[in-house]
Amino acid sequence: MKKLKLVIADQDSTYLSSFGEYIISSKAAAQFDVKFFSSSESVQKYVDQGNHIDLLILNEHMKNVLEENMKHGVLVTLVEDKKNANDDEANVFKYQPLNQVISEILSIYFEHHQAEHHGGGSLKTKVLAVYSPVGGSGKTTFAVNVSRQLALNNKKVFYLNLELLNSTKLYFSSKEDKPSLQIFYYVKAKPKELRSKIEKLKKFDQKSKVDYFDLLPSPIELQEISENETKVLITALVETEQYDYIVIDLDSSITNLTKAAMESADQVIWMMNNDLQSFHKTRVLFDSFDDLFGVGNGMEEQTTLIMNRFNGQLQESFQAYHLPIRGYLPNVPSWAQVADTEQIYFDPHYNQELITITKGLIEQEREGVKIG
């Protein structure tokens, strides 16, 4: 996304300083070009000079002075009483976490620019769908860890859990956590407003630096999502133009939702266990791709097979399935009984292999380099 020209004016210099420090130290630095003013006169002069402004953020005491002279851009008011934030859609409560302030400001901007803001920006988002036909393959462990690894490598990442029994809460949390309950309402009832609402409904995990939705484990609700609605949700996330990667953690069942996510993905990361059942089910599904996705679907070419719990040797009976495994992750005995989800982040052998896979099979393919 191109940098937005954001002008913020507030008499409170301490608030301006905190706002500036947050912008500089966070992912928002890549989103905004910011100018700060502490008086009505200085910001009025800047506006009168005809400078380009995408977003003008004014303290409510300055609003009346400048509102009638605002010819271009979007005007947002910082209000000091939380009750007043509900009086106008362009009001934002000033004294809340700054990441939430930024999210609400962006949401207002996108609502004003539904028609012209349709992707095509400078940031090319890559969608990764993580799938396995068998349970217990380490699919979610991989999806969570690769999201974290990419984010720690200064990539902007959104983790989207589309399992029928959602387990996001085990791995990601934020201070302002409350369920992103309305996301499927907008997917179904108001898809044109979805992209702007993502800013308000998404969460940010401070430890992993990953954005996500706090969804409830609601299998009935997810089963009611159609293929088209799944693609609408993924497209809306892509069109925010804020992410290098969207990592989708899929259910093991082949539902309309799973198929739509795999079709929307640039790369399907297919997790396999080191056992006969995993090889057999993978081979059966590979042979069924034409029936599932249509002739000439290209699904096999965009699928990357990763074997989990690899012990250094591939059984001869497994080799007979002729599956092109492109990455190997070690068995971690201590994960057999995980009592704390923090454990899955800190195994050095697993992390080293994960970094190898990330650099060799995910990030290089993003740049168009074919591996193997």
Side-chain angles (χ1 to χ4, degrees), residues 1-117 121-123 156 174-176 193 195-204 206 211 240-242:
M1 183 176 75
K2 69 180 180 66
K3 280 194 175 185
L4 299 177
K5 188 72 174 184
L6 186 151
V7 173
I8 178 168
D10 195 304
Q11 300 98 327
D12 185 345
S13 58
T14 301
Y15 186 82
L16 290 181
S17 178
S18 298
F19 196 100
E21 289 174 4
Y22 176 79
I23 292 287
I24 292 171
S25 62
S26 73
K27 61 181 180 178
Q31 297 172 281
F32 300 107
D33 180 8
V34 188
K35 284 198 172 294
F36 300 91
F37 297 93
S38 57
S39 70
S40 300
E41 294 76 18
S42 57
V43 72
Q44 179 72 71
K45 182 178 179 181
Y46 186 81
V47 171
D48 290 345
Q49 288 172 347
N51 292 290
H52 173 75
I53 300 173
D54 292 305
L55 278 157
L56 178 60
I57 317 300
L58 297 177
N59 181 285
E60 59 187 318
H61 305 299
M62 294 182 175
K63 178 181 177 182
N64 294 334
V65 178
L66 289 162
E67 185 173 19
E68 60 186 42
N69 294 327
M70 187 67 179
K71 297 181 176 61
H72 304 287
V74 177
L75 177 64
V76 178
T77 306
L78 290 176
V79 296
E80 298 179 5
D81 187 335
K82 193 171 185 178
K83 292 183 293 184
N84 295 336
N86 299 320
D87 292 343
D88 189 314
E89 289 185 358
N91 287 351
V92 172
F93 179 48
K94 178 179 176 179
Y95 301 115
Q96 60 179 318
L98 285 171
N99 64 317
Q100 193 65 27
V101 171
I102 294 293
S103 289
E104 292 188 16
I105 288 171
L106 275 173
S107 179
I108 292 168
Y109 174 80
F110 288 145
E111 285 176 1
H112 281 76
H113 290 268
Q114 291 287 357
E116 64 262 36
H117 195 82
S122 58
L123 179 60
K156 298 175 185 176
S174 65
K175 291 181 180 178
E176 71 278 0
E193 298 179 26
R195 181 161 38 85
S196 63
K197 297 303 180 183
I198 285 171
E199 286 299 323
K200 289 185 177 181
L201 295 174
K202 71 182 183 182
K203 311 299 179 186
F204 177 68
Q206 188 66 45
D211 283 346
T240 65
E241 297 177 8
Q242 296 194 46

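Rounded to the nearest 0.5 angstrom, Phe36 CZ and Ser17 OG are separated by 8.5 Å. In this structure, CG in Leu98 is found 11.0 Å from OG in Ser103, a value given to the nearest 0.5 Å. Expressed to the nearest 0.5 Å, how far CD of Gln96 lies from CD1 of Ile102 amounts to 10.5 Å. Atoms CD and OG1, on Glu199 and Thr240 in that order, are 6.5 Å from each other to the nearest 0.5 Å. In this structure, CZ in Arg195 is found 11.5 Å from CG in Leu106, a value given to the nearest 0.5 Å. Between Ser40 atom OG and Asp10 atom CG the span is 10.0 Å, to the nearest 0.5 Å.
Shown here for Lys202 and Asp211, the closest heavy-atom pair between the two residues is NZ-OD2, 3.6 Å. Of all heavy-atom pairs between Ile105 and Val76, the closest is CG1-CG1, 4.3 Å. Minimum heavy-atom separation, Thr77 to Asn59: CG2-C, 4.4 Å. For the pair Ala90 and Ile108, the tightest heavy-atom approach, listed with the atom from each and the gap, is CA-CD1, 3.8 Å.
Considering only heavy atoms from C-beta on, Gln242 stays 4.5 Å or farther from Ile198 through its side chain. At a threshold of 4.5 Å between non-hydrogen side-chain atoms, the residues Asp54 and Asp33 do not count as touching. At least one side-chain heavy atom of Tyr15 sits under 4.5 Å from a side-chain heavy atom of Leu78. Looking only at side-chain heavy atoms (C-beta outward), Glu80 and His61 come within less than 4.5 Å of each other. Residues Leu58 and Phe37 have side chains not in contact (no heavy-atom distance under 4.5 Å, counting atoms from C-beta outward). In this structure, the side chains of Phe32 and Leu55 come closer than 4.5 Å at one or more pairs of heavy atoms. When side chains are defined from C-beta on, Val101 does not count as touching Lys94, because their heavy atoms never get closer than 4.5 Å.
Classification of the Phe93-Tyr95 ring pair by plane angle, with boundaries at 30° and 60°, yields perpendicular.
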